[in-house]
Asks: 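Structure provided below as structure tokens; questions to follow.
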Amino acid sequence: MDELTWAKNLAKTELHAHINGSIGMPDLRKLADLKGVHLPAEIALPGSAGFSLDDVFALFSKTIYSVVRDAQALQFVVEHVVAAFKRDGVRYLELRSTPKSLEGMDMDGYVSTVVSAISKAMSENETIRVKFLLSVDRRHDPETASTIVSLAIKYANLFPSIVVGVDVCGNPACGGIKHLVPSLSRLKLDAPTLKLVIHFAEIETPPEEDELLTILSLNPDRLGHCTFVPDHIMATMRARKIPIEICLSSNVVGGTVNSFEAHHLKQLWDSGYPRECLILCTDDVGIFCSDLSNEYVIARRVLGVSREVMEEWAQLVCDKYAR
Ligand code: 6MZ
């Protein structure tokens, strides 16, 4: 069996997928046509010359959000994203998205639309379970962050089988997250069963060391990327067995890591970081154009391990995180 078919047949768990980054460009174009939005004939994607992580964030603000402007569009995106993960052999999927006001809809309406689109998508795709994390963007002011935390708690009470936590995301070049600490601490106090997942040391500068320590003091349930973590902080993470969402293609294609061979996954694996705490994820499959099966193929090549080892690893991850 060829590598990709083998990887597609694995029952996979995806824990780090931004909804608006997971819509494929052909589906986005279909949606743009439906909504009468003009998209340029050529949209530069990572991999084109000189493309940087900042360009990824510009792609969201200038292109994707110009199409996903109302409830119908958001619903379309969720449905197509879930269907694509299902086709890729994902059995357990945690999607994340940043609540925003869209046409005719406030942030509460955004969350309610995502939740109902997920319920609908699951009823039509019985082999996949889908959960939702509400994202706070690091550029949000404290009031917006607090509103999102309150929405997470509200919707987790209403839909406990769908809403499972809060994520902190956003362009890491846009400053730290200290102003978000009161809201994130409140989440941990008021809703201890909800997960707190945070993008961590995705780019080289910042992170300031005390920023990373502040994040760790919040007791995050998982950390995303962890590309530029100083050794002593990594030692703490390892002692605490903090799960890391590994985004190979996002880091390499997005330009923060030079090559798959140089990716920190290999170092973490070889250093004995608990395998069930290393989770392969796609981040933004619509942008980085590498689905989770392909991430498994890349990881196997880079780690130089057998298919059996990869299969055991996928099972460990599924046993630990799928609920
Ligand atoms: C940090 C990222 C990201 O929320 O509109 N996002 N944040 N690092 C990344 N690495 C590439 N990729 C995506 O999805 C898009 C939003 O997710 C965050 C950004 O804030 C982006 O605006 P939603 O569904």
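For clarity, every value in this text was computed on a predicted model and none was experimentally measured. Values below: all heavy atoms of this structure, side chains included; hydrogens, waters and symmetry mates excluded. Order of appearance sets the numbers: ligands from 1, and atoms from 1 within every ligand.
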Asks: Output yes when the distance from some N or O of ligand 1 to some N or O of N171 is under 3.5 Å, and no in every other case.
Replies: no

Asks: With a 4.0 Å cut-off on heavy atoms, does S135 reach ligand 1?
Replies: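 No, S135 has no heavy atom closer than 4.0 Å to ligand 1.
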
Asks: Nearest protein heavy atom to atom 16 (C) of ligand 1, by residue and atom, and its distance?
Replies: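 Here the nearest protein heavy atom works out to Y65 OH, 3.4 Å.
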
Asks: Should one rank E202, R96, K100, H225 by closest heavy-atom distance to atom 10 (N) of ligand 1, which comes out on top?
Replies: E202

Asks: Suppose we measure from atom 11 (C) of ligand 1 to each protein heavy atom; which comes out shortest, and what is that distance?
Replies: D283 OD2, 3.3 Å

Asks: Determine, stepwise, if the pair K30 / D33 fulfils salt bridge (Lys or Arg N to Asp or Glu O under 4.0 Å).
Replies: CA-CA 5 Å; K30 230 185 273 171; D33 286 347; over 6 Å; no

Asks: Heavy atoms only: which of R139, H199, H18, H16 lies closest to atom 17 (O) of ligand 1?
Replies: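 Going through R139, H199, H18, H16 one by one, H18 has the nearest heavy atom to atom 17 (O) of ligand 1.
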
Asks: Would E14 and K131 satisfy salt bridge (Lys or Arg N to Asp or Glu O under 4.0 Å), going step by step from the backbone distance to the final call?
Replies: CA-CA 10 Å; E14 166 70 77; K131 311 286 174 185; over 6 Å; no

Asks: Between H225 and H16, is the ring centre distance below 6.0 Å?
Replies: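 Close enough - the centres of the two rings lie under 6.0 Å apart.
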
Asks: Against E3, only a single residue in K8, R300, R301 fulfils salt bridge (charged side-chain N to carboxylate O under 4.0 Å, His left out); can you say which?
Replies: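 Going through K8, R300, R301 one by one, the salt bridge (charged side-chain N to carboxylate O under 4.0 Å, His left out) with E3 is satisfied by R300 alone.
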
Asks: Just which atoms of ligand 1 are under 4.0 Å from any heavy atom in S97?
Replies: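 Atoms satisfying the 4.0 Å criterion: 4 (O), 23 (P), 24 (O).
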
Asks: If the cut-off is 4.0 Å to any non-hydrogen atom of T98, which atoms of ligand 1 fall inside it?
Replies: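 Near T98, the atoms of ligand 1 are 4 (O), 23 (P).
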
Asks: Report yes or no: does H140 contribute a side-chain atom to a donor-acceptor pair with the main-chain N or O of V136 at less than 3.5 Å?
Replies: no

Asks: Kindly say whether D54 contributes a backbone atom to a donor-acceptor pair with the side chain of S52 at under 3.5 angstrom?
Replies: yes

Asks: Relative to the heavy atoms of G170, which atoms of ligand 1 are at a distance of less than 4.0 Å?
Replies: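 So the answer, numbered in order with elements, is 1 (C), 7 (N), 20 (O).
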
Asks: Find all atoms of ligand 1 within a distance of less than 4.0 Å from any non-hydrogen atom belonging to D284, and give their numbers and elements.
Replies: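 Counting from 1, the qualifying ligand atoms are 3 (C), 11 (C), 12 (N), 13 (C).
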
Asks: So which protein heavy atom does atom 19 (C) of ligand 1 come closest to, and at what separation?
Replies: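 Scanning the protein heavy atoms, the shortest distance from atom 19 (C) of ligand 1 goes to F57 CE2, 3.8 Å.
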
Asks: Test question: given the 4.5 Å side-chain rule for I, L, V, M, F, W and Y, name all other residues clustered with L316, or answer none.
Replies: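 Members besides L316: none; it forms no cluster.
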
Asks: Whether the side chain of S271 engages the backbone of L268 through a donor-acceptor N/O pair (distance < 3.5 Å, no angle test) should be reported.
Replies: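 Judged by distance alone, yes, a pair lies under 3.5 Å.
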
Asks: Below 4.0 angstrom from a heavy atom of I19, which ligand 1 atoms are there? Numbered from 1 as shown, please.
Replies: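 So the atoms of ligand 1 that pass are 24 (O).
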
Asks: So, for Y321 and L15, which heavy atoms are closest and what is the spacing to 0.1 Å?
Replies: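 So the minimum-distance heavy-atom pair works out to CG-CD1, 3.6 Å.
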
Asks: List ligand 1 atoms under 4.0 Å from D137, heavy atoms only on the residue side.
Replies: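 Listed by number with element: 20 (O).
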
